[in-house]
Amino acid sequence: MDNKGFTLIEMVMVITLLGIIGGIIALPLYEGTRGWLEATTREGITESGRIAIERMMREIRNTARTAANAPCITAATTTSFVFGNDPSNCASINFSRAGAVAPYTVQRNGVDLANDVNSLAFTYYDNANVPTALAANVRRVGIEIVSTSGVETLRKYSEVYLSNMKGY
(Lines give C-alpha, C1' and ligand atoms only; values in the text may rest on other atoms or scores of the structure.)
Protein backbone atom coordinates (compact mmCIF):
# COMPACT_ATOMS: atom_id res chain seq x y z
CA MET A 1 0.00 0.00 0.00
CA ASP A 2 1.33 3.39 -1.00
CA ASN A 3 0.36 5.87 1.78
CA LYS A 4 1.66 9.35 0.97
CA GLY A 5 -0.02 11.04 3.97
CA PHE A 6 1.47 11.69 7.37
CA THR A 7 0.68 9.53 10.33
CA LEU A 8 -0.55 11.05 13.56
CA ILE A 9 2.80 10.39 15.25
CA GLU A 10 4.69 12.14 12.45
CA MET A 11 2.42 15.19 12.67
CA VAL A 12 2.84 15.39 16.47
CA MET A 13 6.63 15.15 16.08
CA VAL A 14 6.65 17.95 13.47
CA ILE A 15 4.43 20.19 15.63
CA THR A 16 6.60 19.50 18.69
CA LEU A 17 9.79 20.25 16.75
CA LEU A 18 8.31 23.51 15.39
CA GLY A 19 7.23 24.48 18.93
CA ILE A 20 10.76 23.94 20.29
CA ILE A 21 12.33 25.93 17.44
CA GLY A 22 9.74 28.71 17.94
CA GLY A 23 10.50 28.85 21.67
CA ILE A 24 14.23 29.05 21.03
CA ILE A 25 13.75 31.92 18.58
CA ALA A 26 11.11 33.79 20.62
CA LEU A 27 13.14 34.16 23.83
CA PRO A 28 15.98 36.28 22.33
CA LEU A 29 13.44 38.36 20.39
CA TYR A 30 11.49 39.03 23.58
CA GLU A 31 14.62 39.98 25.55
CA GLY A 32 15.81 42.24 22.73
CA THR A 33 12.48 44.03 22.54
CA ARG A 34 12.35 44.48 26.31
CA GLY A 35 15.90 45.90 26.32
CA TRP A 36 15.04 48.31 23.53
CA LEU A 37 11.98 49.57 25.43
CA GLU A 38 14.03 50.12 28.61
CA ALA A 39 16.75 51.97 26.68
CA THR A 40 14.16 54.18 25.00
CA THR A 41 12.61 55.03 28.38
CA ARG A 42 16.01 55.86 29.88
CA GLU A 43 16.92 57.99 26.88
CA GLY A 44 13.70 59.99 27.21
CA ILE A 45 14.15 60.90 30.87
CA THR A 46 17.88 61.54 30.37
CA GLU A 47 17.26 63.96 27.52
CA SER A 48 14.45 65.74 29.32
CA GLY A 49 16.50 66.44 32.46
CA ARG A 50 19.70 67.20 30.53
CA ILE A 51 18.01 69.79 28.34
CA ALA A 52 16.38 71.45 31.36
CA ILE A 53 19.66 71.66 33.30
CA GLU A 54 21.58 72.99 30.30
CA ARG A 55 18.96 75.67 29.71
CA MET A 56 18.97 76.68 33.39
CA MET A 57 22.77 76.79 33.51
CA ARG A 58 23.02 78.95 30.39
CA GLU A 59 20.53 81.49 31.68
CA ILE A 60 21.76 81.51 35.30
CA ARG A 61 25.31 82.07 34.04
CA ASN A 62 24.07 85.33 32.45
CA THR A 63 22.45 86.70 35.63
CA ALA A 64 22.80 90.46 35.69
CA ARG A 65 24.23 92.45 38.58
CA THR A 66 22.58 95.40 40.27
CA ALA A 67 24.21 98.80 40.71
CA ALA A 68 25.48 97.59 44.12
CA ASN A 69 27.28 94.72 42.30
CA ALA A 70 24.92 92.13 43.83
CA PRO A 71 23.36 89.44 41.66
CA CYS A 72 19.97 90.35 40.21
CA ILE A 73 18.00 87.71 42.18
CA THR A 74 14.44 88.13 43.47
CA ALA A 75 13.87 84.72 45.11
CA ALA A 76 16.11 81.76 45.84
CA THR A 77 14.29 78.78 47.38
CA THR A 78 14.96 75.06 47.22
CA THR A 79 12.33 74.56 44.48
CA SER A 80 12.45 77.84 42.55
CA PHE A 81 14.94 80.45 41.41
CA VAL A 82 13.74 83.88 40.25
CA PHE A 83 16.35 86.19 38.73
CA GLY A 84 16.96 88.52 35.82
CA ASN A 85 19.45 88.98 33.03
CA ASP A 86 18.56 92.68 32.91
CA PRO A 87 19.25 94.86 36.00
CA SER A 88 15.97 96.74 35.42
CA ASN A 89 13.93 93.53 35.88
CA CYS A 90 15.33 91.09 38.47
CA ALA A 91 12.26 88.83 38.16
CA SER A 92 12.23 88.23 34.41
CA ILE A 93 13.19 84.53 34.63
CA ASN A 94 11.59 82.01 36.96
CA PHE A 95 12.71 78.37 37.07
CA SER A 96 10.44 76.32 39.31
CA ARG A 97 8.87 72.98 40.05
CA ALA A 98 5.19 72.74 39.12
CA GLY A 99 2.55 70.28 40.25
CA ALA A 100 0.93 69.29 43.52
CA VAL A 101 2.30 65.73 43.65
CA ALA A 102 5.06 63.81 41.89
CA PRO A 103 5.71 63.47 39.04
CA TYR A 104 6.28 67.19 38.72
CA THR A 105 7.38 69.33 35.81
CA VAL A 106 10.24 71.81 35.69
CA GLN A 107 9.13 75.12 34.25
CA ARG A 108 10.63 78.35 32.98
CA ASN A 109 8.14 81.19 33.33
CA GLY A 110 5.26 78.70 33.30
CA VAL A 111 6.44 76.74 30.23
CA ASP A 112 7.46 73.09 30.75
CA LEU A 113 11.15 72.21 30.34
CA ALA A 114 11.10 68.66 31.76
CA ASN A 115 8.43 66.13 32.69
CA ASP A 116 8.37 63.09 35.00
CA VAL A 117 10.42 64.91 37.65
CA ASN A 118 10.42 63.50 41.18
CA SER A 119 12.38 66.40 42.60
CA LEU A 120 14.00 69.68 41.66
CA ALA A 121 16.44 71.17 44.16
CA PHE A 122 18.46 74.36 44.03
CA THR A 123 21.38 74.89 46.42
CA TYR A 124 22.98 78.33 46.71
CA TYR A 125 26.57 79.05 47.71
CA ASP A 126 28.32 82.27 48.69
CA ASN A 127 31.84 83.43 47.74
CA ALA A 128 33.35 81.12 50.40
CA ASN A 129 31.49 78.10 48.92
CA VAL A 130 29.23 77.90 51.98
CA PRO A 131 25.49 77.28 51.45
CA THR A 132 23.52 80.50 51.84
CA ALA A 133 19.87 81.50 51.95
CA LEU A 134 20.55 85.19 51.34
CA ALA A 135 19.94 86.04 47.66
CA ALA A 136 22.42 88.94 47.67
CA ASN A 137 25.24 86.56 48.67
CA VAL A 138 24.63 83.91 45.97
CA ARG A 139 27.66 83.31 43.75
CA ARG A 140 27.13 79.69 42.68
CA VAL A 141 23.98 77.62 42.14
CA GLY A 142 23.69 73.83 42.36
CA ILE A 143 20.83 72.24 40.40
CA GLU A 144 19.60 68.68 40.94
CA ILE A 145 16.81 66.99 39.00
CA VAL A 146 15.66 63.43 39.78
CA SER A 147 13.48 61.96 37.01
CA THR A 148 11.49 58.74 36.94
CA SER A 149 9.76 56.92 34.12
CA GLY A 150 8.54 53.39 34.68
CA VAL A 151 11.17 51.66 36.81
CA GLU A 152 14.02 53.95 35.68
CA THR A 153 15.18 56.72 38.03
CA LEU A 154 17.98 59.08 36.98
CA ARG A 155 19.68 61.90 38.91
CA LYS A 156 21.17 64.86 37.08
CA TYR A 157 23.27 67.44 38.95
CA SER A 158 25.23 70.46 37.85
CA GLU A 159 26.65 73.66 39.31
CA VAL A 160 27.00 77.05 37.70
CA TYR A 161 28.73 80.28 38.73
CA LEU A 162 26.83 83.49 38.20
CA SER A 163 28.39 85.69 35.54
CA ASN A 164 31.51 87.52 36.76
CA MET A 165 30.90 86.37 40.34
CA LYS A 166 33.74 83.91 40.95
CA GLY A 167 35.89 86.46 42.73
CA TYR A 168 33.15 88.12 44.76
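Just so it is clear, the model here is predicted, and its values are computed rather than measured.
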Smallest heavy-atom separation, Glu159 atom then Met57 atom, equals O-CE, 4.2 Å
Closest non-hydrogen atom pair between Pro71 and Ala135, with its separation | CG-O, 3.8 Å
Connected via hydrophobic side-chain network under 4.5 Å: Val82 and Tyr104 = no
Heavy-atom distance under 4.5 Å between the side chains of Asn137 and Asn127, does that happen here?
-> no
Is there a side-chain contact between Val138 and Thr63 (heavy atoms, below 4.5 Å)?
-> no
Locate the shortest heavy-atom distance separating Ser158 from Ile53; write the atom from each residue and the value.
-> CB-CG2, 3.7 Å
Within a strict 4.5 Å, meaning less than it, do heavy atoms of the Val141 and Phe81 side chains meet?
-> yes
Whether Asp86 side chain and Ser92 backbone form a donor-acceptor pair below 3.5 Å = no
Answer yes or no: is there a donor N or O on one side and an acceptor on the other, between the side chain of Thr132 and the main chain of Leu134, under 3.5 Å?
-> yes
Closest approach of Asn62 and Asn85, non-hydrogen atoms and distance?
-> O-CB, 3.5 Å
Any idea which heavy atoms bring Phe83 and Glu59 closest together, and the distance?
-> CE1-O, 3.4 Å
Single-linkage hydrophobic cluster, 4.5 Å side-chain cutoff, Val111 and Met56 together | no
Candidate pair Glu54 and Arg50, rule salt bridge (charged side-chain N to carboxylate O under 4.0 Å, His left out), full reasoning | CA-CA 6 Å; Glu54 286 179 4; Arg50 183 187 61 78; 2.9 Å; yes
Heavy atoms, side chains only, cut-off 4.5 Å: are Asn94 and Ser80 in contact?
-> yes
Going hydrophobic residue to hydrophobic residue with side-chain gaps under 4.5 angstrom, can you get from Tyr125 over to Ile143?
-> no
4.5 Å side-chain heavy-atom contact, Arg140 and Asn129 = yes
Just wondering, are more than 12 heavy atoms of other shown residues or ligands nearer than 6.0 Å to CD1 in Ile9?
-> no
From CA spacing to verdict: salt bridge (charged side-chain N to carboxylate O under 4.0 Å, His left out), Glu144, Arg155 | CA-CA 7 Å; Glu144 179 183 43; Arg155 176 185 177 266; 2.3 Å; yes
Value rounded to 0.5 Å, distance of OG1 in Thr105 from CG in Leu113 | 9.0 Å
Is the closest side-chain heavy-atom distance between Phe122 and Arg97 below 4.5 Å?
-> no
Does any non-hydrogen side-chain atom of Thr79 lie less than 4.5 Å from one of Leu120?
-> no
Look only at the side chain of Tyr124 and the backbone of Thr77, and say whether a donor-acceptor pair between them is shorter than 3.5 Å.
-> yes
So CG of Leu154 and CG of Asn118: to nearest 0.5 Å the spacing works out to 10.5 Å
Side chains of Leu162 and Ile60: closer than 4.5 Å at any heavy-atom pair?
-> yes
Polar side-chain atom of Glu31 near backbone of Pro28 as donor-acceptor pair, under 3.5 Å = no
With no hydrogens and no angle check, is any side-chain donor or acceptor of Asp112 less than 3.5 Å from a backbone partner on Ala114?
-> no
